[in-house]
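To keep things clear, I will list the structure first and then write my remarks on it.
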Amino acid sequence: MSTPGAEENLNARQERPDAYWRMRRRERARDCSVLAIGAMAVLIILALSGGLGWIEALTGSLVIGAGALAYYVGSTPTSAGPPDHLIQEKKQVSVAADNEIEAVIATLPLPAFSVSRAGRLLAINEQAQRVFRVQGGIGALASSIIRSPDLLDAIEQVGRTGEGAAFEFVISGAADEVWLAHIARQASAEGGVLAVLEERTGMRRAEKARADFLANASHELRTPLTSLAGFIETMRGPAKDDKASWDRFLDIMYEQTERMRRLISDLLSLSRIELSEHEAPDRVVDLAGIATRQVEALRPLAEERGVTIEVDAPDRELPVLALRDEMTQVVQNFLSNALKYSPDGGRVLLSCGIAPSMDDALGSAGRVWEEAGRMTLLNAPAVEGPGVWVRVEDAGPGIDRQHLPRLGERFYRVDESRASAVGGIGLGLAIVKHIMTRHRGGLVVESSPGKGSGFGVWLPMSTTDAKSNPKVSV
Ligand code: ADP
């Protein structure tokens, strides 16, 4: 513990060192003179009273004066002198401050570390060790642990100038991580730098996704609009009197308008699903009923294309806790893709059923063809009990293995020209993925290029069947 007087001295010595040392020398000279003059006065009194000879008194005075001078020169502190008790005290104060910072760093819930003026790690907590993928590291050169030269520069600059800063940096890896470092110089004697990190990856990704989404949506709308404007111009100009071509132009214009209508309807579905994503479904519906009704709704379109749709469903209900409209949309998106990508005269099969466990349900939904590439695009959370599955397969062109992981990303199309030719926008599977997330289910795809594709979903079976539940909607 330091006394208040010692603390004042310490402050004066730090703030105005020259004035401090001048004052200390003056004090020492005053003490020595008082002592020497006092002793000499005693000798003179003794000489006057005859107790001491004048020669002895004079010699004594000279010896005392020289001694006092020697003591003054030898003991007067100088600014360059060796550490005294004040320096010792200051050291103790700074060690205590450093220990405190280490303790704070260890207990912080955020990644944090401190670096000495010499560029060595003074402290680093476990979270920060995980960020930099190291174990320990105290005493090591910060540059051997922090692999971001920009962050090291920022730390060095804060150490030098004392001005705190917030600095964003990227840790490269399989998936780049974005972090924001809040950097400040410590108030301790070591003059080290303290850095606390805040993860920004999710925020930056969301910003990028939003920007990409807007760019994609505008692009998708601009293409048919440009085409429409082009046809209108042609019909008003060069083809003004060519009424025979008008029918063909109007057909294409209708297709483009339909494309925009579909895009807007998909965008609206997506935003509606996102808005209500936190609301859990509270009705038991029969998935087999929903699926077979969708098949009937799309049969005329299939017949137009010469495609046959077959159904393989058990003769019983498939009760699931779900939103009827959303499950209808899942089946509709699968079926319309299968129809879109089926060759003329092709065959589409919709199958559904109950499996003893969720794992078995995944097997029935997406592990059917032996030599196909497959990918689980959304994993269902682990739930005990039976699962219900639906699968739609076609004999279309199939999808190359390398594209499978990206299906379900908004606006992702495997073959842009082929997808556009059949009116594909790349939102259908993204919508299915969202719906299945809300229903605690999964989405799986398997495909053999040249042979066909199979898309399936699975979700927990409800223990209440659709007819006996008061909230039933069959
Ligand atoms: P869209 O069909 O509107 O383009 P989706 O999200 O439903 O959007 O599908 C994304 C992409 O996946 C499609 O563009 C297409 O390339 C591919 N795809 C989906 N279903 C099939 C299928 N049954 N056969 C072949 N490719 C498919």
Side-chain angles (χ1 to χ4, degrees), residues 209 212-213 216-217 219-221 223-224 255-256 258-271 273-274 291 294-295 298 301-302 305 307-310 326-351 365-366 368-369 372-378 390-437 442-457:
D212 287 353
F213 180 75
N216 280 323
H219 173 77
E220 289 298 326
L221 276 173
T223 313
E255 257 172 43
Q256 298 298 335
E258 267 300 288
R259 185 180 165 76
M260 282 194 288
R261 197 188 54 74
R262 258 197 325 272
L263 171 63
I264 289 167
S265 130
D266 278 358
L267 289 175
L268 286 176
S269 298
L270 207 54
S271 101
I273 295 162
E274 269 181 346
Q294 267 311 296
V295 170
L298 286 172
L301 184 71
R305 302 266 332 272
V307 177
T308 47
I309 309 182
E310 288 169 19
E326 294 196 354
M327 291 320 293
T328 304
Q329 178 134 37
V330 168
V331 179
Q332 192 187 53
N333 287 5
F334 280 173
L335 280 173
S336 60
N337 273 352
L339 292 178
K340 264 192 295 197
Y341 297 101
S342 276
D344 285 349
R347 167 184 166 270
V348 169
L349 171 67
L350 178 142
S351 46
V368 178
W369 295 333
R374 61 177 57 85
M375 176 66 51
T376 303
L377 300 173
L378 173 69
V390 183
R391 171 186 168 90
V392 174
E393 60 185 56
D394 60 60
I399 301 162
D400 266 345
R401 209 178 275 262
Q402 87 244 27
H403 294 291
L404 297 183
R406 297 203 57 193
L407 294 178
E409 278 178 27
R410 291 166 183 195
F411 297 106
Y412 186 76
R413 285 170 296 199
V414 174
D415 176 346
E416 291 245 350
S417 55
R418 189 166 63 197
S420 294
V422 292
I425 291 164
L427 286 176
L429 293 175
I431 291 175
V432 170
K433 207 168 159 183
H434 263 289
I435 294 177
M436 293 319 293
T437 306
L443 167 63
V444 63
V445 53
E446 65 178 348
S447 187
S448 257
K451 289 191 182 150
S453 319
F455 286 85
V457 290

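When a ligand or atom number is given, it counts from 1 through the structure's own listing order. These numbers were taken from a predicted model, which means no experiment stands behind them. One-based numbering along the sequence shown. Reckoned from all heavy atoms, side chains included, excluding hydrogens, waters and symmetry mates.
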Please verify whether a non-hydrogen atom of [X] lies at under 4.0 Å from ligand 1.
X: Lys340; answer: yes
X: Phe455; answer: yes
X: Gly396; answer: no
X: Asn333; answer: no

Using a 4.0 Å cut-off to any heavy atom of [X], which atoms of ligand 1 qualify?
X: Asp394; answer: 22 (C), 23 (N)
X: Ile425; answer: 1 (P), 3 (O), 4 (O)
X: Ser453; answer: 22 (C), 24 (N), 25 (C)

| message | Within the 4.5 Å heavy-atom criterion, are Leu335 and Val348 side-chain neighbours or not? | response | yes
Would one find an N or O of Pro397, backbone or side chain, under 3.5 Å from an N or O of ligand 1?
no
I want to confirm something. Looking only at heavy atoms, which of [options] is nearest to [atom]?
atom: atom 18 (N) of ligand 1; options: Ile399, Leu427, Val348, Asp415; answer: Ile399
atom: atom 1 (P) of ligand 1; options: Gly426, Ser336, Ala338, Gly398; answer: Gly426
atom: atom 6 (O) of ligand 1; options: Leu429, Leu263, Leu404; answer: Leu429
atom: atom 22 (C) of ligand 1; options: Tyr341, Phe411, Tyr412; answer: Tyr341

Could you check whether Lys433 pairs with Glu409 (Lys NZ or Arg NE/NH1/NH2 to Asp/Glu carboxylate O, under 4.0 Å)? no
_Test: Glu255 and Arg262 ion pair at under 4.0 Å_ = no
Got a second to check how far [X]'s [atom1] is from [Y]'s [atom2], nearest 0.5 Å?
X: Ile399; Y: Leu407; atom1: CD1; atom2: CG; value: 5.0 Å
X: His219; Y: Phe411; atom1: NE2; atom2: CZ; value: 10.0 Å
X: Met436; Y: Met327; atom1: CE; atom2: CE; value: 4.5 Å

Could you find the nearest protein heavy atom to [atom] and give me its residue, atom name and distance?
atom: atom 14 (O) of ligand 1; answer: Arg413 CG, 3.1 Å
atom: atom 7 (O) of ligand 1; answer: Asn337 ND2, 2.7 Å
atom: atom 16 (O) of ligand 1; answer: Val414 N, 3.0 Å

Any heavy atom of Leu407 under 4.0 Å from ligand 1? The part involved is side chain
Between [X] (side chain only) and [Y] (backbone N and O only), is there a donor and an acceptor less than 3.5 Å apart?
X: Gln329; Y: Val432; result: no
X: Arg391; Y: Ala365; result: yes
X: Arg374; Y: Trp369; result: yes

Side-chain donor-acceptor contact under 3.5 Å, His403 with Arg413: no
